[in-house]
Amino acid sequence: MTDTAPPFVDFRNVWLAYNDELRAQNHFAVEAIDLQLQQGEFIAIVGPSGCGKSTFMKLATGLRMPSIGRILIDGEPVTGPLKISGMAFQAPSLLPWRTTVENVLLPLEIVEPHRSQFKARRAEYEERARRLLQKVGLAGYEDKFPWQLSGGMQQRASICRALIHEPKLLLLDEPFGALDAFTREELWCILRDLWTEQKFNVILVTHDLRESVFLADTVYVMSKSPGRFVVKREIELPRPRDLELTYTKEFSDIVHELRGHIGALRHATPSIAASV
């Protein structure tokens, strides 16, 4: 990858108001978003509650169109929901009447070009799903139903579902927020390994600063609403990263630095927040 390569994700002065009335009042949910994500890059977005992190994700997935500005992904303008992306959220949302492997297969049943080939390639797709489930530690659970899985197991299956169609872009919105600390760290390592192997692009929204520093190449801090990126912190910790790293002073210093930025934003007036 070179600095001259075109960005894979390119937000150009993006603003979003949720309706025309709010736009007329200059009331934006996010404003002046400029972000360039290079091929294979892993970024994390952190910030105070209600700052617009989830709104940003809706823009990145094509579920919302900007009021102002332009979004290019993989060189193409975003005009609707992206087929080249996979998504996972805080709630795994597995369908209770489908087995784990059937839940993972779901994107292949509904997203072209896989949908039209699904019946003919079912055995091949199912083998791919089973291999992916084994990779995340769910060997032996492929034919269980969601209610037979723990929360952490359900989230592993949800990540497999997001990756089964081999997307170029993985969007994660608080995917580990509801899990206990031990399970969360276990899933950090699983995500790290999958990303290291496949080098898809990742945009992670999280409240967990340790999570952002452990996983990401770059962490962006958003201001209070209207959300804008006010800090860009490159994480120059060597890869591959092991959990032992999270106990080092070098790691803790970055986490404290980010916490300081967010603390300042919580108590800042809008004019001050814009300049942090």
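Note that the coordinates shown come from a computational prediction; the quantities given were computed from them, not determined experimentally. Residues take their numbers from the sequence shown, with the count starting at 1.
When every heavy atom of Ala60 is checked against every heavy atom of Ile203, the shortest pair comes out as CB-CD1, 4.4 Å. Of all non-hydrogen atoms in Arg122 and Leu105, the two that sit nearest each other are NH2-CD1, 4.0 Å. Considering every non-hydrogen atom in both Phe214 and Arg239, the closest pair reads O-NH1, 4.4 Å. Counting all heavy atoms, side chain and backbone alike, Lys83 lies closest to Val111 at O-CG1, 4.2 Å. Taking every heavy atom of both residues into account, Pro167 and Ser85 meet most closely at CB-C, 3.6 Å.
In this structure, Arg98 contributes its side chain and Glu102 its backbone to a donor-acceptor pair below 3.5 Å. Here the side chain of Ser223 pairs a donor or acceptor atom with the backbone of Arg228 at under 3.5 angstrom. Put simply, the side chain of Arg241 gets close to the backbone of Leu237: a donor and an acceptor are under 3.5 Å apart. For Arg23 (side chain) and Ser67 (main-chain N/O), a donor-acceptor pair under 3.5 Å exists by modelled atom type. Side chain of Asp242 to main chain of Glu244: no donor-acceptor pair is present (N/O by atom type, distance under 3.5 Å, no hydrogens or angles). Counting only distance, with no hydrogens or angles, the side chain of Gln148 and the backbone of Tyr141 share no donor-acceptor pair below 3.5 Å.
Under the 4.5 Å side-chain criterion, counting only non-hydrogen atoms from C-beta, Leu132 is in contact with Leu194. The shortest distance between side-chain heavy atoms of Val205 and Leu171 does not fall below 4.5 Å. Side-chain atoms of Arg70 and Pro77, non-hydrogen and from C-beta on, do get closer than 4.5 Å to each other.
Between Thr55 and Tyr18, the side chains place a donor N or O and an acceptor N or O closer than 3.5 Å (distance only, hydrogens not considered). Checking Glu112 against Ser116 by side-chain atom types alone, a donor-acceptor pair falls below 3.5 Å. Looking only at atom types and distance, the side chain of Thr100 has no donor-acceptor partner in the side chain of Asn103 under 3.5 Å away. Defined by atom type and a distance below 3.5 Å, a donor-acceptor pair is present between the side-chain atoms of Asn13 and Trp15.
A single hydrophobic cluster is seen to contain both Val255 and Ile235, as judged by linkage of ILVMFWY side chains at heavy-atom distances under 4.5 Å, directly or through other members. Cluster annotation: Leu59 and Met57 are assigned to the same hydrophobic cluster (Ile/Leu/Val/Met/Phe/Trp/Tyr, side-chain heavy-atom contacts under 4.5 Å, transitive). Cluster membership check: Leu215 shares its hydrophobic cluster with Ile159, using side-chain heavy-atom separations under 4.5 Å among Ile, Leu, Val, Met, Phe, Trp and Tyr. No chain of hydrophobic side-chain contacts below 4.5 Å, direct or via other Ile, Leu, Val, Met, Phe, Trp or Tyr residues, connects Phe28 to Leu16. Linking Ile, Leu, Val, Met, Phe, Trp and Tyr residues whenever their side-chain heavy atoms come within less than 4.5 Å places Tyr220 and Leu169 in a single cluster.
Other residues, nucleotides and ligands place more than 12 heavy atoms under 6.0 Å from the CG atom of Asn19. For Gln25, the CD atom counts as densely surrounded, since its 6.0 Å shell holds more than 12 non-hydrogen atoms of other residues, nucleotides or ligands.
The pair Glu41-Lys199 fails the salt-bridge criterion, with no side-chain N (NZ, NE, NH1 or NH2) lying under 4.0 Å from an Asp/Glu carboxylate O. Using a 4.0 Å cut-off between a side-chain N of Lys or Arg and a carboxylate O of Asp or Glu, Asp34 and Arg12 do not qualify as a salt bridge. Using a 4.0 Å cut-off between a side-chain N of Lys or Arg and a carboxylate O of Asp or Glu, Asp143 and Arg130 qualify as a salt bridge.
For Phe229 and Phe56, the gap between ring centers is short of 6.0 Å.
Qualifying salt bridge (charged side-chain N to carboxylate O under 4.0 Å, His left out) partners for Lys135, counting only residues two or more places apart in sequence or in other chains: Glu197.
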